Each structure stands twice: as structure tokens, then as C-alpha cells.
Protein chains: 2
Amino acid sequence: MATPNIVEVASLIGDPSRAAMLMNLLSGKALPASELARAAHVTPQTASSHLAKMVEGGLLVHESYGRHRYYRLASAEVGQALEALHAIAPPKPVRSLRESDQSKALHFARTCYDHIAGEVGVALTHRLLALGLLHEEGRDFAVSIDGAKWFRDFGMDLDEIRRGRRHFARQCLDWSERRHHMAGALGAALTTRLFDLSWIDSIPGGRAIQVTKYGFRGLSQELGITFDDEWKQAE
Amino acid sequence: MATPNIVEVASLIGDPSRAAMLMNLLSGKALPASELARAAHVTPQTASSHLAKMVEGGLLVHESYGRHRYYRLASAEVGQALEALHAIAPPKPVRSLRESDQSKALHFARTCYDHIAGEVGVALTHRLLALGLLHEEGRDFAVSIDGAKWFRDFGMDLDEIRRGRRHFARQCLDWSERRHHMAGALGAALTTRLFDLSWIDSIPGGRAIQVTKYGFRGLSQELGITFDDEWKQAE
DNA sequence: TTCACACTTCGATGATAGTCGAATTTTTTG
DNA sequence: CAAAAAATTCGACTATCATCGAAGTGTGAA
């Protein structure tokens, strides 16, 4: 009979270098130690020490591929705790044009563990709601009859997505839009589908996402979603 | 346009003294600085310094009543972040009989911000479900027709409870039982009702709750809930 | 009004932990 | 096999921050 003690995990997260690594891993991907060292602007030996602590503390797990060691978040619960901390964290002032661009990119579209968030994620979710393809059910989303057809036509197998123990379609509060986007198995599968269609692409070095020209066109034609600023268009 | 930075809030939570205070404030009550100092086993001046940081960092708010200064969590979101950290925190080994008793008491019944948790909270929730007074609806609970009558007879005004912007009845994962208890406005109102009936009482110095002899009898007669160990009975 | 109590502020101390240079280990490549 | 690359380990250094004694401020009770 033991009582969890949050001090250790909180102090693990509360270091700037470690937080930078964790934020990058919120992309949901597994990243090699060297890339995490670069992301955190520390030497490989410092990163190694930090990563070992986070593995020991249960925040990360790692797998080796030859001489490369890949790290990822230990569970969706770790991702959720990081997001919950985001909701109570003070906004950090932007101090350079580079930071401003990165901030804008994150606000526009980013991965929130394994599903899309930001302006694009919220627009997607609310358009699906407006078209009656999704509806709210408590803190979840449910797919309508028309919605089931739409997802199937869009190339997604709802039965396959429903299989498994995770939540099907959950509302996830978006910290930049202050409205919900869609998480859960359906949110993750939709995001994967958008990547597969090359409608969205990762921006290297973080978890920001860019919408491709195919994506802007597809979102407009399939769902009637348009965005105010075409400067976001990928080259 | 700013991006939240979780380092500051995480490092605030990651100090043992500050975490002890935050855990006490998870009772949902406002506590005076002197009591928080005692709970954390530090001097008033140390506590004062910590409390100022947490107020500055947005975790706590305070109000003065004469020479007493009462602190409480700044929002339900802070409570949720603390709970989310609990879900990923390693169990802390118990090292004394006193700690063991406190751990047992927390496991049996405690406040999780403003609703009851632990073995009692989960037993209540699941009994209401078993009797068909509540049913699960996504990640929420919904009250059945019979349930509405039961709550009304129990002295609770569901219309009043539903008023307001907060979730009505939410599933909240219980870290000690690993099952859900009921949070949200209904969970809070039910907990308040149990206090009002003197079925439960706070144990001073933390957020553990004891069930009174009226409570054991009431829970048994009203809901058919019994517990294995009568040693938990309050004198 | 005086005294006691709650709380805050100031400043010095000491422990802790992040950091990187150096060295070592492991794996891959030519 | 030798060299390069990825990652880890070791050890010393230094900056940071929690801590408490001392002092000060504000409020309430006698």
C-alpha cells in the first residue's frame, strides 16, 4: 500500500533541458538521443544523463537500433500529464522572430501526442461537427451514420479503429485555441490518414505541422475548410 | 502569441515542501499559511517564501481574514494537473507505521479536490451504477429517472447542481483503486451532502476522510454498501 | 494602549544538481 | 581491421535555491 509521490516526476519535468526533450517527444514519435540533445541545446553527455533519469523515473522508454538509441514517452498518461501542465503554465513571452515563427507554426498545427491540434485540428473537429458527421456525447465525440460513411469514403476503417482498449474519440482541450480538438483512436487515425495523403507534413525539429498545397485544397474541397492566411502555404 | 512553458510550474510542484502544501490543498479547502507550514514541516518564513512563489506562478490564490492569510488552489485545472501527475508518479514506499496508517486512510477515503475518492468514493459510484441510478455515458455519468428520484429523496437538488458551466458528473480515475469515482458538480454535491449528514468527517491535517458510525449505517441501509474492515470505524 | 500572534522580508549558509571535458564502450562503415 | 559515429560513464566545477535566524509589519484581543 503506497501513495504516489509527485515530487520526483514534477522535478524531472521542471528542468529546462528535460522539458525541451519531453516537448519534442509529445510529437508521439521516438527520437534518437543525439536529436534530443540538439533539441535541448546540450551536449550528448548531458542529454545522456538526463535521458537516463527520465527512463529511471518512468517518463520515457527506449529501444536500440544498432548504435542509435531511440526514446519515446512511456505512455499516453505521460502525454496527458504534460498537456495538463500546459493548461496551467503561464504563456512564455516570445523573444525573437524565430521564436515567433515557431510559435505561429505551433498554433496553426502541431501534434498533440498522436493527433493533430492547433487551429487546423480544431477547425477539422468543428467542421465535422457542423456537418453532422460527428456529435458531442459528454466529453467524447460520437460518429453519426453519415459520419461513418464519410470516414469510410475517406479511407478509414472504423471497426479497426474501434478495436482496442483506448478511447475512441475524446475531446482534448487545445491550449492555443481554447476549444476542443479530437483525440483518441479516431483522432490519431484521422491524423495518420492526413499524413498518408500528404495533406500534412511534419516540420523537422519539433512537433509543428505544415499543411501542404494538397492539404489546403483537400480540406477546402472535402470539408469546406479554408484558412485566413495563405502565407502558411508550404512550398 | 505565446507558447506555454511548463518548466516553471513543474519545478514549483517538484519541491518536497511545496508539494506537501499542494497535496493538502487538494482537499479543496482554503488553509492558513501557518497550517501549510506545519503540513510541510518547515518554518513559517520558509513556507511564506514558497507560498509567494506559488501565488506568483499561478498555482495558488490567497485571501486575508484579519491576520490570517488563507491559500487555496487557483483553479480546478491546477487540481487536475496535480492528479495527472499522480497517475504517472511512482509509488512511494511506506517507511513507518504512522505513514502506513495515513496511507491506509487515504486509500480508504479522501477528497480529490471537491469530491470523495478512494475505496469509499469508488464503492459509492459503482453501487449507484449497479442500482441503475447512474449509468456511464462516454467519460461522463448520467442520472437515470430512478436516480433523479433517489438524489431528490436524498436531499439533493439536481436542477441547482446542473446550473453552471462545470461538468455535471465526470468519471475521474482513482489512483488508489484504479477505477473511476465520480467528479464534477454532482460528485461535489454528493460529497457535500455526506458531510452535511455527518456520514463522513475530515481527518485534521490532510485530506483523508473518515466514515462516521452514522455513515457506515447510512451507506449500508440506503445503498447496501458495506466494508470489510470495521477497524476503520470512527470513535 | 500594550502585548501576542500571524505573516512577510532580509541575508547568509550549505547542499544539490546541471554542465561539460575527458575517457570509454558499442556499433557501423569503408 | 581501422576509423568514425552514437551513446554512456566518470569526475570536477559552479550556479541555484531551499532553509532558518533575525528583524519587521499588520491585526486582533485584553
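Here is the naming used below: chain letters follow the sequence lines, and residue numbers restart at 1 for every chain. Reckoned from all heavy atoms, side chains included, excluding hydrogens, waters and symmetry mates. Bear in mind that the values here come from a model prediction, so they are computed numbers and not experimental data.
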- Message: Once you apply a heavy-atom cut-off of 4.0 Å, does A:P32 come out as touching a base, just sugar-phosphate, or nothing?
- Response: sugar-phosphate

- Message: Side-chain N or O of B:R69 versus OP1/OP2 of C:dT8: is the shortest distance under 4.0 Å?
- Response: yes

- Query: Has the side chain of A:T212 got a donor or acceptor atom that lies under 3.5 Å from a matching backbone atom of A:W199?
  - Reply: yes

- Using modelled atom types only, decide if a donor and an acceptor are shared between the side chain of A:S27 and the backbone of A:K29 within a distance under 3.5 Å. yes

- Message: Under 4.0 Å, heavy atoms only, any strand: does A:Y70 hit a base, just the sugar-phosphate, or nothing?
- Response: nothing

- Hey, does B:S48 reach any base, or is it just sugar-phosphate, or nothing, if we go heavy atoms under 4.0 Å? base

- Value in whole Å for how far the C1' atom of D:dC20 lies from CZ of B:R38: 18 Å

- Query: Ion pair present between B:R163 and B:E160, side-chain N to carboxylate O less than 4.0 angstrom?
  - Reply: yes

- Task: Heavy atoms under 4.0 Å is the rule here; annotate nucleotides 18-28 of chain C 5' to 3' with B where the base is hit, S where only the sugar-phosphate is, and - elsewhere.
- Result: SSBBB----BB

- Message: Rounded to whole Å, how long is the line connecting atom OH of B:Y71 with atom P of C:dA6?
- Response: 14 Å

- When the distance from CD of B:E56 to P of C:dT8 is rounded to whole Å, what number comes out? 14 Å

- Between B:H62 (NE2) and C:dA6 (P), how many Å, whole number? 18 Å

- Task: To the nearest Å, give me how far apart CD (A:E8) and P (C:dA17) are.
- Result: 11 Å

- Task: Determine yes or no for a side-chain-to-main-chain donor-acceptor pair under 3.5 angstrom, with B:R170 supplying the side chain and B:G184 the backbone.
- Result: no

- Query: Just how far, in rounded Å, is P of C:dA6 from CG of B:L36?
  - Reply: 14 Å

- Query: For A:S64 and A:R69, which heavy atoms make the closest approach, and how far apart are they?
  - Reply: OG-NE, 3.8 Å

- Task: Going by the side-chain contact (heavy atoms from CB on, under 4.5 Å) test, name the single residue among A:T191, A:L190, A:T125 that passes it with A:I116.
- Result: A:T191

